[in-house]
Protein chains: 2
Amino acid sequence: MNPEVRIAVVEDRAEFRRAIVCALNARAGWRVVAECADAAQALRNIPGAQVNIVLLDLLLPGTSGTAAIPQLKKALPKVPIIMLTVVDSPEEIVSALEAGASGYILKGGSTSELVANVEDVLAGGAIMSPAVARRVVEYFQRRQASSAPAEFGLTAREWEVLRLAARGRQHGEISMSLGIAVNTVKNHFRNIYEKLGVSSFTDAMVKLRGGRDLLDGV
Amino acid sequence: MNPEVRIAVVEDRAEFRRAIVCALNARAGWRVVAECADAAQALRNIPGAQVNIVLLDLLLPGTSGTAAIPQLKKALPKVPIIMLTVVDSPEEIVSALEAGASGYILKGGSTSELVANVEDVLAGGAIMSPAVARRVVEYFQRRQASSAPAEFGLTAREWEVLRLAARGRQHGEISMSLGIAVNTVKNHFRNIYEKLGVSSFTDAMVKLRGGRDLLDGV
DNA sequence: CTGTGAATAGCACTTGCGTGCTATGCCAAG
DNA sequence: CTTGGCATAGCACGCAAGTGCTATTCACAG
């Protein structure tokens, strides 16, 4: 029936990419017809390659994998995309699925699992490994009750700074309100970001809101 | 390590319940210690039965399985619940997961799959069969596509840009996702800010949220 | 047919944000 | 007493965000 399953692999780390490609090529009837190291290559090479399925890494140099999904989907609406990555935060997973990914697998599983997952997706299903499913479930449960504030270990002063910023104040205004230097405000943000594992104010808000975006309920 | 895995099964159709119970009891170290035909029975019998995991049907006489989840969770916060049902609508699946279910399996799979899924959940994961995962993905993608109409005189495109930013995306990522230039993204923000009478993204969020700050409800 | 508004895009520029690094004073736990 | 966490502060640098301005295309209403 299927003359051939044509696969594209997008992954920046060459050794890892090779390993995946080998595992996939080893299966009869499958062939990796496109290997790409970043999003730009992917967008250039994949549309013309007649692929049936795309394996896409999330952390790529330049454009992130998630950002590339909508464009890949626009060019190839019917080709399923599987995310294959080490990133397991609920927010990233949900973003990828919203963007159009059909599956999300964490690196670290065996190659036989990978092959089985690809089969599932080709058969019209979607796949999430148990670890990924767990993150998705966490996402739902947090958005439901936001019961556990998670208490990221922020100090009272850090919360104070955050509250003012959350009301639209900028660094200079915050420093005036609290009677401290702007540099100190910046240091508080620095420490907050580190504790939350983010690198921007907006990301911090999303994280503290349990993944609910800033327009939730508007 | 584990002296015994104690399981509860809630399912109204007796024959089906028997089949499940047999399959689970057949595994060494597992024992079904509670069989219930409806939610009321479940709430009466399960809390005292020292169970490690609950298999719960969705369609039950009287209270639905989903409605029973929060109460079971309140009595036994740490005991995972797996939904086992024929209902595969995205809304029902999402509701169950929001309510606190750790997994969702469609009836019709083999008993060996069932056993494997229970193992995954006991190991701390969450599980979704490919068919269920597919529904969840559909849910996310519809949620992203369906958009609110203009209430502040903002155009559809402007809302689209805002929503991505509200999830923590920065200008460059937004431009990639929408397939437009960064300058165009900036222009959209420019117009948004003018319409709202603000001059920063955070101010725009506060304004759109009716003055409620970004940490409201956290 | 023409005007208006939306979406697109570019360029130059300023400002604020985020980060890397260092440093001091304080206070409580060990 | 010393260690460690917290709050304080400074400086320099790169980059994202926001601003001012212009311009093209397209659809649609007048």
Side-chain angles (χ1 to χ4, degrees), chain A residues 39 43 60-64 66-67 70-71 74 91 151-208 213-215, chain B residues 145 147-208 213-215:
Chain A
L43 291 170
L60 295 172
T63 310
S64 82
T66 301
Q71 295 178 78
K74 197 159 64 178
E91 290 75 23
E151 197 59 52
F152 286 92
L154 301 187
T155 67
R157 198 56 155 174
E158 285 163 354
W159 278 112
E160 211 169 347
V161 170
L162 268 182
R163 285 246 167 58
L164 290 170
R167 290 165 58 185
R169 304 297 161 77
Q170 52 194 34
H171 292 183
E173 298 178 291
I174 295 170
S175 75
M176 294 301 288
S177 296
L178 299 179
I180 59 180
V182 178
N183 279 319
T184 304
V185 175
K186 286 185 172 188
N187 274 321
H188 285 312
F189 276 111
R190 188 204 311 270
N191 295 327
I192 291 165
Y193 295 161
E194 194 179 359
K195 286 177 182 173
L196 297 182
V198 301
S199 59
S200 78
F201 175 71
T202 305
D203 283 335
M205 289 299 106
V206 172
K207 190 109 186 183
L208 288 171
D213 73 42
L214 305 188
L215 288 172
Chain B
S147 307
E151 199 60 63
F152 271 83
L154 301 184
T155 67
R157 197 55 153 174
E158 285 162 354
W159 278 110
E160 209 169 350
V161 169
L162 266 183
R163 226 170 268 112
L164 288 170
R167 296 191 59 82
R169 300 288 177 256
Q170 50 194 35
H171 292 183
E173 297 177 294
I174 295 170
S175 75
M176 290 301 293
S177 291
L178 300 179
I180 60 181
V182 178
N183 280 319
T184 304
V185 174
K186 286 186 174 190
N187 276 321
H188 286 311
F189 276 111
R190 187 203 313 272
N191 296 328
I192 291 165
Y193 294 161
E194 196 182 355
K195 286 177 182 174
L196 296 180
V198 299
S199 60
S200 78
F201 174 70
T202 305
D203 284 334
M205 289 298 106
V206 173
K207 191 109 183 179
L208 288 171
D213 74 42
L214 305 188
L215 288 172

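The chains referred to below are lettered A, B, ... by the order of the sequence lines, with proteins before strands, and numbering in each begins at 1.
Interatomic distance, CE of B:M205 versus CG of B:L196, reported as 8.5 Å (0.5 Å rounding). Taken to the nearest 0.5 Å, the CG atom of B:L162 stands 10.5 Å off from the CG atom of A:D213. To the nearest 0.5 angstrom, A:I192 atom CD1 is 8.5 Å from A:L208 atom CG. Note that NE2 of A:H188 and CG of A:L164 are 11.0 Å apart. Values are rounded to the nearest 0.5 Å.
B:N191 places none of its side-chain heavy atoms less than 4.5 Å from the side chain of B:T155.
Near DNA chain C, meaning a heavy atom under 4.0 Å from it, residues 179-195 of chain B has B:I180, B:A181, B:N183, B:T184, B:N187, B:H188, B:R190 in order of number. Listed in residue order, the members of residues 169-178 of chain B having a heavy atom less than 4.0 Å from DNA chain C come to none.
Taking B:D203 as the reference, B:S200 meet the side chain to side chain donor-acceptor pair (under 3.5 Å) condition, with sequence neighbours excluded. Judged as a salt bridge (charged side-chain N to carboxylate O under 4.0 Å, His left out), and not counting sequence neighbours, the contacts of B:E160 are B:R157.
The list of salt bridge (Lys or Arg N to Asp or Glu O under 4.0 Å) pairs with a residue in residues 180-197 of chain A, not counting sequence neighbours, reads A:E158-A:K195. Applying the side chain to side chain donor-acceptor pair (under 3.5 Å) rule to pairs touching residues 167-180 of chain A yields nothing, sequence neighbours excluded.
Atom P of nucleotide D:dC26 and atom CZ of B:R157 are separated by 16 Å, given to the nearest angstrom. Distance B:D203 CG to D:dT19 P: 10 Å, rounded to the nearest Å. For A:L196 and C:dT19, the CG to P distance is 12 Å, given to the nearest whole Å.
Overall bending of the helix from C:dC1-D:dG30 to C:dG30-D:dC1, expressed as the angle between end axes built from five pairs apiece, is 40° (10° steps).
Between the A:Q71 side chain and the B:G179 main chain, no donor and acceptor come within less than 3.5 Å of each other.
The phosphate of D:dA16 (OP1 or OP2) has no side-chain N or O of A:S200 nearer than 4.0 angstrom.
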